[in-house]
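This one's a predicted model, so the numbers in the text were calculated from it and none came from an experiment. Values below: all heavy atoms of this structure, side chains included; hydrogens, waters and symmetry mates excluded.
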Amino acid sequence: MGIGLRLKEILRERGITIKQFSKMSGIPLNTLYSITKRDSNRIDQVIFKQITESLNVTNAELLGIRHVRLTPLTPEEINMYEEAEEILAECEAHKDDPSELRILQAYHKLNFSGQCEAVKRIEELTEIPRYRRQDTPEPPSVPTKADTTSPPDTPEKPPEGE
């Protein structure tokens, strides 16, 4: 994906038309149309900077680079990333719900570490009963000693003399 498609995607996510963005940024409309039509990674540096500043995005975001990491992921980070992807897939399925859409949009603004932390925090909230849906079952409780005693094998004897 080139800069043009990425620019279109960012504008669509924010509900901004190319014409509106032209007025906001001061970049000529024809220049923006040219960038989005040819979808090239070649763009004038001054225009590139105007776009990133006007949209308040990083160079990497406009280039479509999600995350650059120099060290390998830990197993915990891989697990958290997979869990986050599952949550995102579920959010995508319910994107018509404005609250879930806001969560999804906020999540996408976070870097990898922030996304991992967001998953942890949401999971913590699900453990607090007052935040849990009524239709969500309580987490299983730890059995007590009274719960684990088994009934006697022989029936209870009647008291003597009866």
Side-chain angles (χ1 to χ4, degrees), residues 1-27 32 35-36 39 41 43 47-153:
M1 177 185 299
I3 293 171
L5 282 179
R6 184 67 188 122
L7 175 59
K8 275 181 165 178
E9 185 179 80
I10 293 169
L11 292 175
R12 185 177 54 249
E13 287 172 1
R14 296 181 183 191
I16 302 170
T17 66
I18 293 176
K19 191 173 184 179
Q20 290 169 328
F21 183 61
S22 173
K23 288 179 182 176
M24 255 172 67
S25 64
I27 301 169
L32 292 172
I35 291 168
T36 55
D39 189 37
N41 280 326
I43 185 171
I47 299 295
F48 185 88
K49 185 175 180 183
Q50 276 182 276
I51 292 171
T52 59
E53 288 176 354
S54 297
L55 292 173
N56 193 27
V57 295
T58 64
N59 294 350
E61 288 172 305
L62 186 56
L63 291 170
I65 301 169
R66 286 209 169 232
H67 183 69
V68 177
R69 186 179 175 110
L70 301 176
T71 59
L73 295 175
T74 66
E76 181 185 58
E77 289 172 325
I78 291 170
N79 185 41
M80 294 198 73
Y81 181 75
E82 289 169 351
E83 288 175 8
E85 288 297 319
E86 288 173 17
I87 291 168
L88 285 174
E90 188 174 326
C91 286
E92 191 64 30
H94 301 285
K95 66 182 174 188
D96 294 332
D97 181 343
S99 297
E100 289 184 18
L101 187 56
R102 284 182 36 225
I103 290 170
L104 186 60
Q105 288 170 336
Y107 179 87
H108 281 297
K109 290 178 184 176
L110 300 172
N111 63 21
F112 181 78
S113 297
Q115 290 173 350
C116 290
E117 191 62 29
V119 170
K120 283 183 195 174
R121 301 274 172 100
I122 289 173
E123 287 174 344
E124 288 170 2
L125 284 173
T126 65
E127 298 299 317
I128 302 171
R130 73 175 185 195
Y131 295 125
R132 195 175 312 120
R133 284 185 185 164
Q134 293 300 324
D135 60 345
T136 303
E138 289 281 329
S141 60
V142 178
T144 62
K145 186 173 181 174
D147 295 337
T148 59
T149 57
S150 58
D153 292 335

Q: To the nearest 0.5 Å, tell me how far Leu5 CG sits from Lys8 NZ.
A: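 Leu5 CG to Lys8 NZ: 6.0 Å, rounded to 0.5 Å.
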Q: Can you tell if the side chain of Tyr107 reaches within under 4.5 Å of the side chain of Ile122, non-hydrogen atoms only?
A: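 SC-SC contact between Tyr107 and Ile122 ruled out.
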Q: State which residues pass side chain to side chain contact (heavy atoms under 4.5 Å, CB included) with Ile16; sequence neighbours excluded, sorted by chain then number.
A: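 Once residues adjacent in sequence are excluded, the partners of Ile16 under the side chain to side chain contact (heavy atoms under 4.5 Å, CB included) criterion are Leu11, Arg14, Gln20, Phe21, Met24.
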Q: Could you work out, with side-chain hydrogen bond (donor to acceptor under 3.5 Å, both in side chains) as the rule, every residue matching Thr58, not counting sequence neighbours?
A: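 Residues passing side-chain hydrogen bond (donor to acceptor under 3.5 Å, both in side chains) with Thr58: Glu61.
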Q: Between Met80 and Gln115, is the side-chain contact (heavy atoms from CB on, under 4.5 Å) condition met? List the steps.
A: CA-CA 9 Å; Met80 294 198 73; Gln115 290 173 350; over 6 Å; no
Q: I'd like to check the side-chain hydrogen bond (donor to acceptor under 3.5 Å, both in side chains) partners of Arg12; sequence neighbours left out, ordered by chain and number.
A: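 Testing Arg12 for side-chain hydrogen bond (donor to acceptor under 3.5 Å, both in side chains), a comparison that skips the adjacent residues, returns none.
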Q: Does the side-chain contact (heavy atoms from CB on, under 4.5 Å) test come out yes or no for Ser22 and Ile27, once each step is laid out?
A: CA-CA 5 Å; Ser22 173; Ile27 301 169; 5.5 Å; no
Q: Could you verify whether a donor N or O on one side chain and an acceptor N or O on the other, from Glu83 and Asn79, lie under 3.5 Å apart?
A: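 Yes - a donor-acceptor pair under 3.5 Å links their side chains.
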Q: Find the distance between CG (Leu55) and CZ (Arg6) and round it off to the nearest 0.5 Å.
A: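 Result: 9.5 Å between the selected atoms.
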Q: Hey, does the side chain of Thr36 reach the backbone of Gly4 with a donor-acceptor pair shorter than 3.5 angstrom?
A: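 No, because the side chain of Thr36 does not come within donor-acceptor range (under 3.5 Å) of the backbone of Gly4.
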Q: Are more than 12 heavy atoms, taken from residues, nucleotides or ligands other than Glu76, located less than 6.0 Å from that residue's CD atom?
A: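 12 or below, so no.
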Q: Would you compute the distance between atom OG of Ser54 and atom CD1 of Ile10 and round it to the nearest 0.5 angstrom?
A: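 Interatomic distance, Ser54 OG to Ile10 CD1, rounded to 0.5 Å: 11.5 Å.
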Q: Considering residues at least two apart in sequence or located in another chain, which fulfil the side-chain hydrogen bond (donor to acceptor under 3.5 Å, both in side chains) criterion with Glu123?
A: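 Counting only residues at least two positions away or on another chain, Glu123 forms no side-chain hydrogen bond (donor to acceptor under 3.5 Å, both in side chains).
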Q: Taking only residues two or more places apart in sequence or in another chain, which ones pass side chain to side chain contact (heavy atoms under 4.5 Å, CB included) with Lys49?
A: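 Applying side chain to side chain contact (heavy atoms under 4.5 Å, CB included) to Lys49 gives Glu53.
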Q: Would you please name every residue forming a side chain to side chain contact (heavy atoms under 4.5 Å, CB included) with Arg121, sequence neighbours left out?
A: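 Arg121 satisfies side chain to side chain contact (heavy atoms under 4.5 Å, CB included) with Glu117, Glu124 once adjacent residues are dropped.
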Q: Using side-chain contact (heavy atoms from CB on, under 4.5 Å), reason through Thr126 and Tyr131 one step at a time and then give a plain yes or no.
A: CA-CA 6 Å; Thr126 65; Tyr131 295 125; over 6 Å; no
Q: What verdict does the side-chain contact (heavy atoms from CB on, under 4.5 Å) test give for Ile51 and Ile43, after you've listed the backbone C-alpha separation in whole Å, the side-chain angles of each residue and the deciding distance to 0.1 Å?
A: CA-CA 11 Å; Ile51 292 171; Ile43 185 171; 3.8 Å; yes
Q: Could you state the interatomic distance from CD1 (Ile35) to CD1 (Ile18), rounded to the nearest 0.5 Å?
A: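 Ile35 CD1 to Ile18 CD1: 9.5 Å, rounded to 0.5 Å.
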Q: Kindly write out the residues that satisfy side-chain hydrogen bond (donor to acceptor under 3.5 Å, both in side chains) with Asn59, not counting sequence neighbours, or none if the list is empty.
A: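 side-chain hydrogen bond (donor to acceptor under 3.5 Å, both in side chains) check on Asn59 returns nothing, list empty.
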